[in-house]
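In what follows, a single structure is set out as structure tokens and then discussed.
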Protein chains: 2
Amino acid sequence: MIALDEIDRRLLGMLVQDAGQSAGALGRRVGLSQPATWRRLRRLREAGILRGQRLRLEPGKLGFGVTVFLGVKLSRKAGVSLEAFERAVSGIPEVQRVEHVLGLYDYRLRVIARDLADFERVLRRRIMTLPGIGDVEANVLLTEERFPGPL
Amino acid sequence: MIALDEIDRRLLGMLVQDAGQSAGALGRRVGLSQPATWRRLRRLREAGILRGQRLRLEPGKLGFGVTVFLGVKLSRKAGVSLEAFERAVSGIPEVQRVEHVLGLYDYRLRVIARDLADFERVLRRRIMTLPGIGDVEANVLLTEERFPGPL
DNA sequence: GGTGAAAACATAACCGC
DNA sequence: GCGGTTATGTTTTCACC
């Protein structure tokens, strides 16, 4: 793990608020030249701290109005491998995210669908037929907000 | 809502895999010139489909080794407004995401901490003291994977 | 760390289909 | 409307000090 100084932390904080700022704009605010700032960003990238940027899409504008979180328990933990479950679930296009967790559930899934009828189709034909699936609990997303977190 | 043709969908698919690709690089792969590709991206941005990009950080490399998902129920006895809860929870730096959901829980929180001892501190001093908080259920993240989804 | 320069990029204007 | 070409300012990226 690499050591971050004060300037690195300020750069990360500024980028969290708005990714896609140029090295020159960032450098002006921390008192560094453009190439020096850029070299710091490259160092953070090579250290694996900055992993690039993810697209922010608006699912509603693409016709996906429903987001559902599923908590799933596997029923036959001894018999079914986690790999088989993960491979099967990752083949469902409506599944956006698969989180392997420890606790009341074994997996948490984020699923999008065009509407509730479409979600029911996905649930019945794709989710409930997964190998080893047990109890399933669902929460429908109403609103969502993200925060930068402690840097 | 705007109509997307085949090329728009391919552009979105490529950007979902790696945002931050240049218009020139994208255009070469779909057989368009750089300005033509850029105009399509601008059109998608103006249509509200592309909402910019968010930084992808590696929390582990910044010393945050623990991610916990909390499902929280609000206690019904107190007449606590959702706004008051949301305002209070959004002031906790360890809370990365707040999802207002419909189902077994009222809110889902994504919380990061340096380790489990640090998480316990956050849970006892910040989470359990939130206004109107009721039952809390926790799942510790083991592994996580994202998928492009249906585009 | 800074300076300077080359290549790539974003962005706009103009033209043809 | 669509895309292509050209032109300009900016950003990235890589020399060298």
Side-chain angles (χ1 to χ4, degrees), chain A residues 1-65 114 146-151, chain B residues 1-63 146 148-151:
Chain A
M1 200 182 296
I2 214 158
L4 302 182
D5 66 2
E6 184 58 31
I7 295 182
D8 287 324
R9 269 186 290 270
R10 286 179 63 192
L11 290 175
L12 286 175
M14 291 160 67
L15 282 172
V16 164
Q17 296 219 244
D18 173 22
Q21 293 181 81
S22 70
L26 294 167
R28 245 168 279 129
R29 293 173 56 184
V30 297
L32 283 181
S33 72
Q34 191 202 62
T37 310
W38 183 82
R39 281 193 289 257
R40 276 175 181 268
L41 297 180
R42 183 180 59 180
R43 196 169 54 87
L44 292 171
R45 232 178 293 134
E46 285 167 351
I49 296 172
L50 268 162
R51 291 170 52 189
Q53 51 220 16
R54 189 182 309 118
L55 203 63
R56 284 165 46 94
L57 281 175
E58 179 69 63
K61 302 253 179 182
L62 286 163
F64 292 93
R114 305 195 169 276
R146 274 164 240 257
F147 302 100
L151 282 170
Chain B
M1 200 183 297
I2 214 155
L4 302 181
D5 65 1
E6 183 60 31
I7 295 182
D8 287 323
R9 269 187 290 270
R10 285 180 63 192
L11 290 175
L12 286 176
M14 291 160 68
L15 283 173
V16 165
Q17 297 218 243
D18 172 22
Q21 295 181 81
S22 70
L26 294 166
R28 248 168 275 130
R29 292 173 55 183
V30 298
L32 283 182
S33 71
Q34 188 202 73
T37 310
W38 183 83
R39 282 191 292 257
R40 277 176 179 269
L41 296 181
R42 183 178 60 178
R43 196 168 55 86
L44 292 171
R45 234 179 292 135
E46 287 167 351
I49 295 172
L50 270 163
R51 290 169 50 189
Q53 62 239 2
R54 188 179 304 110
L55 203 64
R56 281 168 50 92
L57 284 176
E58 179 70 62
K61 303 251 179 181
L62 286 164
R146 277 164 237 260
L151 285 170

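Proteins get letters first, then strands, A, B, ... in listed order; numbering begins at 1 in each.
Atom CG in B/L11 sits about 15 Å away from atom C1' in D/dC2, given to the nearest Å. Distance CD1 (B/I7) to C1' (D/dG3): 10 Å, rounded to an integer number of Å. One can place CG of B/L41 at 14 Å from P of D/dC2, the figure rounded to the nearest angstrom. Per the geometry, CZ belonging to A/R43 stands 8 Å off P belonging to C/dG1, to the nearest Å. In this structure, B/L44 places its CG atom 11 Å from P of D/dC2, rounding to the nearest Å. Going from atom CH2 of A/W38 over to atom C1' of C/dG4 covers 15 Å, rounded to whole Å. In this structure, the CG atom of B/L50 is 13 Å from the P atom of C/dA10, given to the nearest Å. B/R42 places its CZ atom 13 Å from the P atom of C/dA10, with the value rounded to the nearest Å.
Of all heavy-atom pairs spanning B/Q21 and B/M14, the tightest one is NE2-O, 2.9 Å.
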Quick one, A/K61 with B/L44, criterion side chain to side chain contact (heavy atoms under 4.5 Å, CB included). Give me CA distance, side-chain angles, the key distance, then yes/no. CA-CA 10 Å; A/K61 302 253 179 182; B/L44 292 171; over 6 Å; no
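Within 4.0 Å (heavy atoms only), B/R39 reaches at least one base atom of the nucleic acid. Among the atoms of the strands shown, base atoms are found under 4.0 Å from some heavy atom of B/S33. When heavy atoms are screened at a 4.0 angstrom cut-off, B/R28 is found touching the sugar-phosphate backbone but no base atom.
Residue B/R29 places its CZ atom among 12 or fewer non-hydrogen atoms of other residues, nucleotides or ligands, all under 6.0 Å distant. Residue A/R43 qualifies as enclosed at atom CZ: its count of foreign heavy atoms under 6.0 Å is above 12.
In terms of phosphate contacts, B/S22 brings no side-chain nitrogen or oxygen within less than 4.0 Å of OP1 or OP2 of C/dA8.
Checking D/dT5, D/dT13, D/dC14 against every side-chain atom of A/R45, the shortest atom distance belongs to D/dT13.
B/D8 CG to B/L41 CG: the interatomic distance, rounded to the nearest 0.5 Å, is 8.5 Å.
Nearest-nucleotide assignment on DNA chain D puts the 5′-proximal partner with B/G31, out of B/G31 and B/Q34.
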